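The analysis underlying the following values was restricted to heavy atoms, covering all of them including side chains, and did not include hydrogens, waters or symmetry mates. Chain letters run A, B, ... following the sequence lines, proteins first, then strands; residues in each count from 1. Note that the structure is predicted; figures quoted are calculated from it, not measured.
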Number of protein chains: 2
Amino acid sequence: MTGRKRSRVAVRFVKTRDDHRSETAEDYVEAVADLVRLHGECRVRDLAAVMGVSHVTVIRIIARLQEAALVETAPYRPITLTPRGERLAARARHRHEIVLAFLAAIGVPEEAARRDAEGMEHHVGDRTLACMETFLAGVRDRVPAKERDV
Amino acid sequence: MTGRKRSRVAVRFVKTRDDHRSETAEDYVEAVADLVRLHGECRVRDLAAVMGVSHVTVIRIIARLQEAALVETAPYRPITLTPRGERLAARARHRHEIVLAFLAAIGVPEEAARRDAEGMEHHVGDRTLACMETFLAGVRDRVPAKERDV
DNA sequence: CAGCAGATGTAGCCGAGGCTACATTTCTCG
DNA sequence: CGAGAAATGTAGCCTCGGCTACATCTGCTG
Ligand SMILES: [Mn+2]
Ligand SMILES: [Mn+2]
Ligand SMILES: [Mn+2]
Ligand SMILES: [Mn+2]
C-alpha cells in the first residue's frame, strides 16, 4: 500500500460514489411512478413536495432525466415516464420494497425502517438483495401469513 | 417560500441527504485512523490511494476536516486526528464493523459485503444498528464460535 | 373574458467533490 | 552536498444538486 497506486480498498469507495450517481434517477422515477399512480399525474410541485426540495431543483433534475430518456415532459405540462423510465422505476421499487421489508423483519420500527431504507437501498447489490430475499422467505415459512401482523 | 408544502415522505429524503453530508468526514477519519495504525503515519498520497481519488481532492477535503477540528496537519506534513476526530473515527468504525458482520451473517459473500457496507453504513440509524447487533448476538448464541466459519 | 394566484421557468449564486496542469517543497541517494 | 524524483500545494475547470429572486405562463373564478 505504501506509496502505491490505487489500493484494492479503493474499489469500495468508487462503487459507493457510483451508487450515488444513479441514486437521483432512481428516486425520481420511483416518485414519478408513485405520483402518477396516486394522483393520475405528476407535476413539478408534487415532486418538490415529495423530495423536500425547491421546484427549481426539480426542474433541473427532470431536464437531465429527459436527456437520459427516462422521463418525458413539455413546458408547463405534467411529467411522464418513458418505457426506460418505467423499467428503472419498477426495478428501483422492487429493491426498495425488499430492503424495507427486510428491515421490518429484523425488528426495525416502521418509521425508522422507512427512513434508513431510503438511503440504504442504493447500496444494496444483487448478492445482498438475494440474501435479503432468502431471509424474508425463511421468515414467511416460519411464520405463516395468518400469524403475521403489520 | 417555495417548499412550504413539504410532504411527510420528504423527511426520508432530507435524512438521506443529511447522511451524505457526514459521509466524507466519517470515511476520511476512519481511513486516517487505519493508516496511522497500519503505517505509523497518514500521508496525502495514502489517502488518495485508499479513497481512489486524486491527491488534489484529498488536500481540499482534509482542509475542510481541519476547519471542522477533526484532523490536524501542516504543509507537507502527515495528517493526524484530533481528539474529536478520534472519537468520530471510533464511532464510524464500530458501526462499519457491525454492518459488515451483519451482512456476512445473512450470507453475503465477503467481497460483496465489504463493497455494500461501505455505502450502507452511513444510512444505518441507531434503531437499525441495534437490531443488527441483536441479530448478531442471536447468531452467536445459536452457533458457538467453534462451528462458525467464513 | 379578464385578471389574478399559483405553477412553472430562468438567471445566477453557492458548496461539495471530481479532475488536469503546473509550481513548489521534501527527501533520498549517488 | 546537491541533483532529481516524489510528494504536496495551487490554479482553474467541471458536474451535481442545493438555494433565492424574478419572469412568464395557465387555469380559475368572479
Ligand atoms: Mn432512495
Ligand atoms: Mn448513500
Ligand atoms: Mn466506513
Ligand atoms: Mn463508508
Please report, rounded to the nearest Å, how far the [atom2] atom of [N] is from the [atom1] atom of [X].
X	N	atom1	atom2	value
B:D27	C:dA16	CG	C1'	15 Å
A:R77	D:dT26	CZ	P	7 Å
B:I59	D:dT8	CD1	P	8 Å
A:Y76	D:dT26	OH	C1'	9 Å
B:E23	C:dG17	CD	P	9 Å

Within residues 40-50 of chain A, residues whose heavy atoms come under 4.0 Å of DNA chain C
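Heavy-atom cutoff 4.0 Å gives A:R43, A:V44, A:R45.
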
Give me the distances for all protein-to-nucleotides 16-19 of chain D N/O pairs that come in under 3.5 Å?
| residue | atom | partner | partner atom | Å |
| --- | --- | --- | --- | --- |
| D:dG17 | OP1 | A:T24 | OG1 | 2.4 |
| D:dG17 | OP2 | A:R64 | NH2 | 2.4 |
| D:dG17 | N7 | A:R60 | NH1 | 2.9 |
| D:dG18 | N7 | A:R60 | NH2 | 3.0 |
| D:dG18 | O6 | A:R60 | NH2 | 2.9 |
| D:dC19 | OP2 | A:S54 | N | 2.7 |
| D:dC19 | OP2 | A:S54 | OG | 3.2 |
| D:dC19 | OP2 | A:T57 | OG1 | 3.3 |
| D:dC19 | N4 | A:R60 | NH2 | 3.4 |

Verify whether the ring centers belonging to B:H20 and A:H20 lie closer than 6.0 Å.
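Close enough - the centres of the two rings lie under 6.0 Å apart.
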
Determine whether the aromatic ring centres of B:Y28 and A:F13 lie less than 6.0 Å apart.
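For B:Y28 and A:F13, the ring centres are not under 6.0 Å apart.
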
Do other residues, nucleotides or ligands put more than 12 heavy atoms under 6.0 Å from B:R8 CZ?
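At most 12 heavy atoms, drawn from other residues, nucleotides or ligands, come within 6.0 Å of this atom.
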
Any side-chain heavy atom of [X] within less than 4.5 Å of one from [Y]?
X	Y	value
A:I62	A:V44	no
B:V9	A:R114	no
B:M51	B:I61	no

Taking the inter-plane angle between the rings of A:H123 and B:H123 on a 0 to 90° scale, is it parallel (under 30°), tilted (30 to 60°) or perpendicular (over 60°)?
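Because their plane-to-plane angle is under 30°, the rings of A:H123 and B:H123 count as parallel.
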
Between A:D116 and B:G125, which heavy-atom pair has the shortest distance, and what is it?
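Looks like OD2-N, 2.9 Å.
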
